[in-house]
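One structure below.
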Amino acid sequence: MKLLTFILTLALWFVFAGRVNIEVFLLGTIICSIISLMLADNGPKSVQMRSATKDFLLKTYYLFLVTSAFINDVFLSAVRVSRHAFEMKPSFSPQIVKLKTSLERKSSTEILANFITLPQGTLGMDIDISNKKYHIHWLDVYSEDQAEVKKAQIRKHEKLIAKLFD
Amino acid sequence: MSRMNAMFKKLYKLVLVVSLAIFLFIVFDEIHNLDNNSKRYLSEHYISEGVQETGAINIVTSVLYDYRAFDTLGEATVLLTAAAILSFLVPLGKDKMLGTTFTMIVSQTTKFFIPFLAVLGAYLILFGHLAPGGGFVGGVVMAVIPILLTITYRVEFSEYKFKPAKKKLAEDIGAIGFILLGLVGVVTGSNFLANGQANFGPGNTGELISAGLIPFLNLMIGIKVGAGLAIIFNSLIKEK
Amino acid sequence: MVYFILAIVLFAILTFYRVMKGPSVPDRVAAMNAIGVMFLLVLVLLSLYFDRKVFLDVALVYGVFLFVNVLIMAKYFTKPEKGEVGD
Amino acid sequence: MINILVQLFVYVFLLTGLYFLLSTAVGMIRFPDLYTRLHAGSKCLMAGGISVLMGCIVMEGIGFVSLKIIVIIILLLITNPVAIHVIARLAENYHFVPKKIAKNELDK
C-alpha cells in the first residue's frame, strides 16, 4: 500500500513538473518517499497489492468499466435535470427513500455514495453506520415501479464496486 | 416609512459599491496611461532586467526574495509573533461547539486526498522560481492538511498526528534558516540577503537548480508559513 | 473563444442572483460553489487563450481552496435564531 | 481536413458545456426548493465542466498540458459530490423539510 501511494504521488509529481530530467526525478523520489512514509496510513486502503499481477490487470479493466459507467450516468442524469429546468412550469415529485447496502468495507461504501450523489437523479443525504442505510433524495419518482427500476440500477453499480474492491 | 428606509439603505450600499468600482477603474486607468517615465523607472528595471540579474523566471518571486527580501523577513516576523501570542493568550479549556457532524463519507475522502495535497504543496514550494506559486501559497496548501484533519475528525487527532511542539520547532527552523541564509551574503562580502549581486551561481535560466539562493529561501518561508497557520487555526478552534 | 468566456461569466452573474436573494445559508453556499467551478473553467480557458501554460496551476490551487472553503463554511455555520429561516 | 474535424469537435464539446452551464444557472434561479436546487448544482454543473475541459483537451492535443487538465477533471469528480453532500448535511442540521413529500419511507 505504501508502494502504491509512492507510485501515484511520483506520477503526479511528474505531471506537475512538466519535464523529465534527472534532477526532477531525484528530487521527486526523495519527496515522495518522505510523504508515503509519513502519511501512508491515511492513504488509500481500498486497493491492496496483495494479489498477483494477473489479478491486477483484471482490476484495471474493472476500474475502466466503473469510470466509464460513472461519466455516462452523469451525462444522462444531467440531460434529465436540464429538461426540467427549461420547462414552462417545473413539475417533479421528489421523495426521500432509505436504501440498504450489502457492502462491507468503508471505502467501497464511500465510493457508492459518490455514485449515488451524482448520477440517476438522486442525492445522497445521510448514512447510518450501524445499519448501513442511505437516505436518498430522489428527483422524479412518479410510481413504485419506477422506483424499483432505479433501485435495480443502483444494485448494478454496487455489484461492480464489490467486484473491484472487496 | 420604515420599508422606505430599508430600501434606501440597500440602495445606498449598492451605490457605494458601484462608485468605489468607478473610482478604482479611473485610478488604474490613470496609472496605466502615465507618461512620466521618471515615476516608474524602478518597475521598468525590474521587468526588463530582473530575469538576467536573478535567474528566476517568475518576476514576483525575484522581487519578493531578491530585491525586497528584507520586507519578506518583516512579514515572516509578523506571522511568527501572531502564532506565538495566540498560543499564549487563548485559554486551554475547550468547549463543545454547535455545528454539523460529518459522516464517514467526508473522512474517507480526506484520507484519500491528503498525500496528493502534500505533493501539490511541495511542488508549489520547490518550483516557486519557475511557475506561479512560491513560499506563501505552498505554505498555505501545506497548512490545509492539519486543518482538514481538524475539521473532519477533531482537534485531538490532529494534534496527535502533528504534535504542537514539532510544529513550533519547524516554525523556528524556518525563521532561523531564513536569517542564516541572509548571513551567507554578508560572509561573501556584500549586503545582507544579497542574492543577485553576490553571484551565487545563477545557473541556466529555466532549470530546476538555478537562481542561486531563491529556492532555499522559498523552502524556509514555506515551512514557516505552513506551521504558523496550522498553529493559529488549531489554537482558535474551541471544539472538544 | 472570447464569446465562450463571456458567456460563462454571464452565467456566473445569473447564478449570483441566488447568492443575493437566497432565503437561507445553504442556498448561498451551494450557489457560491457553482460560481467557483464556473470561474475555474474561465481560468482554464483563459490560460489556453493567452497561451500561458503555467497558469493552469492557479486553477488547480483554486479548486483545492474551493473544496476546503465549502467544508469549513458547512462545518461552522450554526442553527439560526427563531424566525430567521424562510422557505 | 483533420484540422477542420478537430475544430468541429472542439465547438461541439464547448457548446454542450455551455448548454449544461446555462441549465445550471436557470435551475438555480427557478427551482422551488433547496434540495432540487442542489440537484441542479451537482449534476448539470459537473456535466458542463467535464465537457468544457474535454473540449480543452481536444484543442490542446497530447502533452503535459492535457495531462494537467485531466488532473483537474479528477479533482472535480472527487471533490464536488462530497461538497454537495456536506451542504445537504448542513441543511439537515437546519431542520429543513422538503416541500413536496409524497411518501417518506418507500422501503422497509
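Convention: sequence-line order gives letters A, B, ...; per-chain numbering from 1.
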- prompt: Side chain, backbone, both or neither: which part of D/Leu75 has a heavy atom under 4.5 Å from chain C?
  reply: side chain

query: Tell me, side chain or backbone of D/Ile72 under 4.5 Å from chain C's heavy atoms, or both, or neither?
result: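 Answer is both: backbone and side chain atoms of D/Ile72 are under 4.5 Å from chain C.
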
Does some side-chain heavy atom of [Y] sit less than 4.5 Å from a side-chain heavy atom of [X]?
X       : Y       : result
D/Lys68 : C/Asp57 : yes
C/Phe11 : D/Leu22 : yes
C/Phe67 : D/Ile78 : no
C/Phe4  : D/Val52 : no

- line: Looking only at heavy atoms, the pair that brings C/Ala74 and D/Val86 closest together is CB-CG1, 3.1 Å

- request: Considering non-hydrogen atoms only, spot the tightest contact between C/Arg18 and D/Met28 and give its length.
  value: NE-O, 3.0 Å

Listed pairs under 3.5 Å, donor-acceptor, residues 33-46 of chain C side chains, sequence neighbours left out:
unit_1  : atom_1 : unit_2  : atom_2 : d
C/Asn33 : ND2    : D/Asn80 : OD1    : 3.2

query: Under a 4.5 Å heavy-atom cutoff, which of C/Thr15, C/Val64, C/Leu48 has the most pairs with chain D?
result: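 Winner by heavy-atom pair count: C/Leu48.
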
Region of C/Tyr17 that comes under 4.5 Å of a non-hydrogen atom in chain D: side chain

- prompt: Under a 4.5 Å heavy-atom cut-off, does chain D meet the side chain of C/Leu14, its backbone, both or neither?
  reply: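 Contact with chain D is through both the backbone and side chain of C/Leu14.
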
- prompt: Is it the case that more than 12 heavy atoms not belonging to C/Met32 sit under 6.0 Å from its CE atom?
  reply: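 Atom CE in C/Met32 is not crowded, with 12 or fewer foreign heavy atoms closer than 6.0 Å.
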
query: Would one find more than 12 heavy atoms of other residues, nucleotides or ligands at under 6.0 Å from atom CZ of C/Phe16?
result: no

